[in-house]
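Just below is one structure, and these are the notes that go with it.
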Amino acid sequence: METESEPYVRLASLRQLHQVMADMNTARSLADTLQTVADGVVTALGYELACVNLVRPDGDLVVAALSGNPAAEALITGRVGSRESWERRLNMGEHWGGLVFIPHTEGWVLDDDDVPQWYTDGPAPRFEDEWHPSDRLFAPMYTPAVPGGSGGELIGVLSVDRPRNGRLPGAWGREALQMYAFQAAIAISNARLRANMQRALVRLEREQQALRASEESFRQAFEYAPSGMAIAEMGGDQHGRILRTNDALCRLLGRPASVMRRYSFSDLVHPEDIGTLLRTSAEGGRAELRLGRRDGTYVWVSLRNSVVADAADGPRFLLTHVEDIEERKRRELQLAHRASHDSLTGLPNSAELRSRLAARLCRRPQSAHPAAVDAYESHDPVHGQAAHDANGHGFDFRPGGFDTYDAFDHHVHTVAPEEGRDDGTKGLAVLFCDLDGFKSINDRFGHNAGDAVLIEVARRLSDGVRDGDTVARLGGDEFVILADGLGRADAQDLAVRLRNEIIQPIRAEGRAVRVGASFGIGWAHCGMTADEVLKSADERMYVEKRSRPKQHRRAG
């Protein structure tokens with residue numbers, strides 16, 4: 001072919017090229033396929049040297065086969081070039097369709113990179129279309145593109161040197177090399193797939209002989225599933241132990257398959273999601289929970305179980321499908337947080353405050369149920385969690401009405417300390433905080449200064465309460481604190497401490513400003529609504545505000 005003038009190509013040359021392509025697809029192993037690809041460039045396309053650079057799992061390219069020069073083959077076969085250097089080469093020079101040609105006038109800048117290379121000897125070119133010994137020609141090989149998707153993935157690069165006719169390849173030569181690279185990519189992909197299939201069959205046979213009857217169909221679905229898959233033992237002392245995982249699950253959790261076999265899903269699940277995992281039915285169960293990655297972080301997944309059996313009466317195994325839902329969960333959490341928290345201070349907003357408060361209050365049952373009403377009136381507000389009617393039936397006084405003991409669950413009845421008495425009763429204190437002098441800061445220094453004040457007050461209030469207490473922004477310059485388990489003296493002390501923190505100077509827009517705070521303390525107890533509790537605390541706050549002289553409401 002190298003002595004023929006384009007476009008006049010002999011039929012014998014086309015037959016030779018066709019035979020080489022057929023040989024690529026009938027090679028017995030991946031190594032044979034790679035060598036056949038290299039040999040075909042020399043025998044059928046008329047180049048003096050050809051090199052197959054194969055992409056490794058880590059992304060770098062290794063010289064996997066070489067043809068045309070035994071000395072070069074012994075010297076550079078097995079050597080590795082970095083992916084970065086190869087990307088640089090493939091982005092240089094002239095692009096002849098799918099080929100990359102780097103003339104000697106540009107290629108000298110690549111002499112010191114780490115890509116293994118070999119140059120054939122030859123005279124300097126006399127004519128413009130002659131091949132220079134330092135010219136480079138590459139044919140990238142890509143996996144076949146998925147129908148309807150993007151282009152394929154780079155699996156290797158064919159590097160060819162010096163056409164035997166000594167001239168740069170013309171239109172036919174370029175088209176032939178490009179077509180050859182395309183067919184070579186298919187042959188290499190098929191050879192890899194065959195090799196992977198053979199390794200998978202051997203490994204699956206060794207690890208679990210009970211699955212042989214359905215090996216082929218299961219292997220295809222399991223190994224190449226785009227989402228995580230795992231097989232675990234079912235029953236016995238090792239119930240739940242992971243026997244096998246696919247590549248997608250290993251990548252998701254950042255753990256190799258050999259390490260995954262040391263665990264069960266209960267070892268990997270987030271501590272807060274153990275209950276969710278245990279409630280998941282083994283047969284057809286589904287749950288959304290978090291699994292631990294190797295780096296210590298957690299990823300949200302949808303976990304679905306099904307049972308497979310080796311034979312009619314053989315061992316049963318748990319097949320678990322794990323789907324990454326991290327992005328969806330992140331959006332859900334963001335939306336939930338935005339809906340329930342103040343955008344300026346990050347505190348729970350009015351709706352979230354009312355929800356948390358209502359969750360602690362049980363309402364008086366509807367009058368349409370006289371037995372429940374009588375039970376409500378006679379229940380023990382301090383020690384009892386429920387009441388009983390004359391027949392011994394239990395009732396639940398949570399929002400939504402009443403129910404029997406089964407629905408009552410673990411609600412704790414909320415009571416309030418009595419006015420003017422210190423009998424040790426602890427209750428849910430609701431502190432209503434209104435800032436004094438805040439409007440003048442907004443008027444004098446602008447809303448940016450006002451926002452800075454609100455953010456700092458929110459921080460001081462949050463730092464001043466216990467873990468588990470709620471600090472919420474009701475709106476404007478009004479804040480509410482829910483503090484459970486306090487007596488009346490405790491609540492008064494808390495209000496004083498928080499007021500003393502608030503009146504300290506605040507840096508806003510480059511200046512120090514000060515605000516005061518008025519606190520009203522209300523008490524939540526069952527039978528009230530959340531709005532009634534807040535109204536009570538609000539009214540007490542205004543009583544407290546009016547009881548102090550105006551000059552003492554704001555410090556500084």
Side-chain angles (χ1 to χ4, degrees), residues 340-342 345 347-364 380-385 397-399 410-436 457-503 515-548 553:
S340 61
H341 286 72
D342 175 46
T345 63
L347 296 178
N349 59 19
S350 174
E352 176 67 10
L353 170 68
R354 285 173 165 80
S355 175
R356 295 187 186 185
L357 183 55
R360 292 297 316 278
L361 302 172
C362 55
R363 294 187 303 178
R364 174 188 175 104
D380 181 353
V382 177
H383 303 98
Q385 294 187 357
F397 303 115
R398 295 176 297 180
H410 299 293
H411 178 81
V412 178
H413 193 68
T414 303
V415 297
E418 292 188 22
E419 188 91 32
R421 292 181 56 184
D422 188 9
D423 58 358
T425 301
K426 306 291 185 180
L428 176 58
V430 181
L431 283 67
F432 199 110
C433 171
D434 181 79
L435 301 184
D436 300 326
V457 168
R459 185 192 67 78
R460 294 181 183 183
L461 289 174
S462 298
D463 291 345
V465 300
R466 305 162 302 175
D467 292 341
D469 291 345
T470 294
V471 178
R473 182 185 177 200
L474 197 59
D477 60 350
E478 296 177 336
F479 298 84
V480 173
I481 298 95
L482 305 182
D484 204 359
L486 299 185
R488 288 191 174 272
D490 300 327
Q492 291 289 349
D493 290 342
L494 176 59
V496 171
R497 285 193 291 105
L498 295 178
R499 181 184 295 114
N500 290 338
E501 288 294 324
I502 291 174
I503 65 176
V515 292
S518 298
F519 281 85
I521 303 174
W523 297 92
H525 59 82
C526 290
M528 299 178 68
T529 65
D531 285 336
E532 289 172 344
V533 175
L534 293 174
K535 181 179 179 181
S536 171
D538 185 23
E539 291 173 349
R540 292 175 183 270
M541 181 275 296
Y542 276 106
V543 171
E544 194 268 348
K545 185 188 288 282
R546 288 194 295 268
S547 68
R548 290 185 294 126
R553 295 178 192 169

Minimum side-chain heavy-atom gap L534-S536 below 4.5 Å
no
So does T529 get a backbone contact from the side chain of E532, meaning a donor-acceptor N/O pair under 3.5 Å?
yes
Is any side-chain heavy atom of R466 closer than 4.5 Å to one of L486?
yes
Kindly determine whether T470 and R356 satisfy side-chain hydrogen bond (donor to acceptor under 3.5 Å, both in side chains), including the steps that lead there.
CA-CA 9 Å; T470 294; R356 295 187 186 185; 3.1 Å; yes
Taking C-beta and beyond as the side chain, do L431 and L494 meet within less than 4.5 Å on heavy atoms?
yes
Minimum heavy-atom separation for L361 to A524, with atom names?
CD2-CB, 3.8 Å
Would you give the length of the straight line joining atom CZ of R360 to atom SG of C526, rounded to the nearest 0.5 angstrom?
8.0 Å
Between CG of D467 and OG of S462, what distance do you get to the nearest 0.5 Å?
11.0 Å
What I'd like to find out is whether the side chain of F519 reaches to under 4.5 Å of the side chain of I502, using heavy atoms alone.
yes
Pairwise distance CE(M541) to CD1(I521) - rounded to 0.5 angstrom:
12.5 Å
Side chains of V533 and L428: does their closest heavy-atom pair fall under 4.5 Å?
no
A side-chain contact here means heavy atoms from C-beta on lying under 4.5 Å apart; do L482 and D469 qualify?
no
Any chance you could measure R499, atom CZ, to D436, atom CG, to the nearest 0.5 Å?
8.5 Å
Closest approach of A358 and A530, non-hydrogen atoms and distance?
N-CB, 4.3 Å
Nearest-0.5 Å distance that lies between atom CG in D531 and atom CG in L357
9.0 Å
With a 4.5 Å limit on heavy-atom distance, are the side chains of R488 and W523 in contact?
yes
Run the salt-bridge test on E352 and R473 with the 4.0 Å N-O cut-off and return the result as yes or no.
no
Side chains of P348 and L353, heavy atoms from C-beta outward: is any pair under 4.5 Å?
no
Taking it one step at a time, do S518 and D434 satisfy side-chain hydrogen bond (donor to acceptor under 3.5 Å, both in side chains)?
CA-CA 5 Å; S518 298; D434 181 79; 5.6 Å; no
Pick out which of V457, D463, V465 makes a side chain to side chain contact (heavy atoms under 4.5 Å, CB included) with L461.
V457
Audit row: V515, I503, side-chain contact (heavy atoms from CB on, under 4.5 Å) steps and yes/no:
CA-CA 6 Å; V515 292; I503 65 176; over 6 Å; no
I'd like to know if D538 and K535 make a salt bridge, using a cut-off of under 4.0 Å between side-chain N and carboxylate O.
no
Carboxylate-amine/guanidinium proximity below 4.0 Å for K426 and D490
yes
Working to the nearest 0.5 angstrom, can you tell me the gap between R540 CZ and S547 OG?
13.0 Å
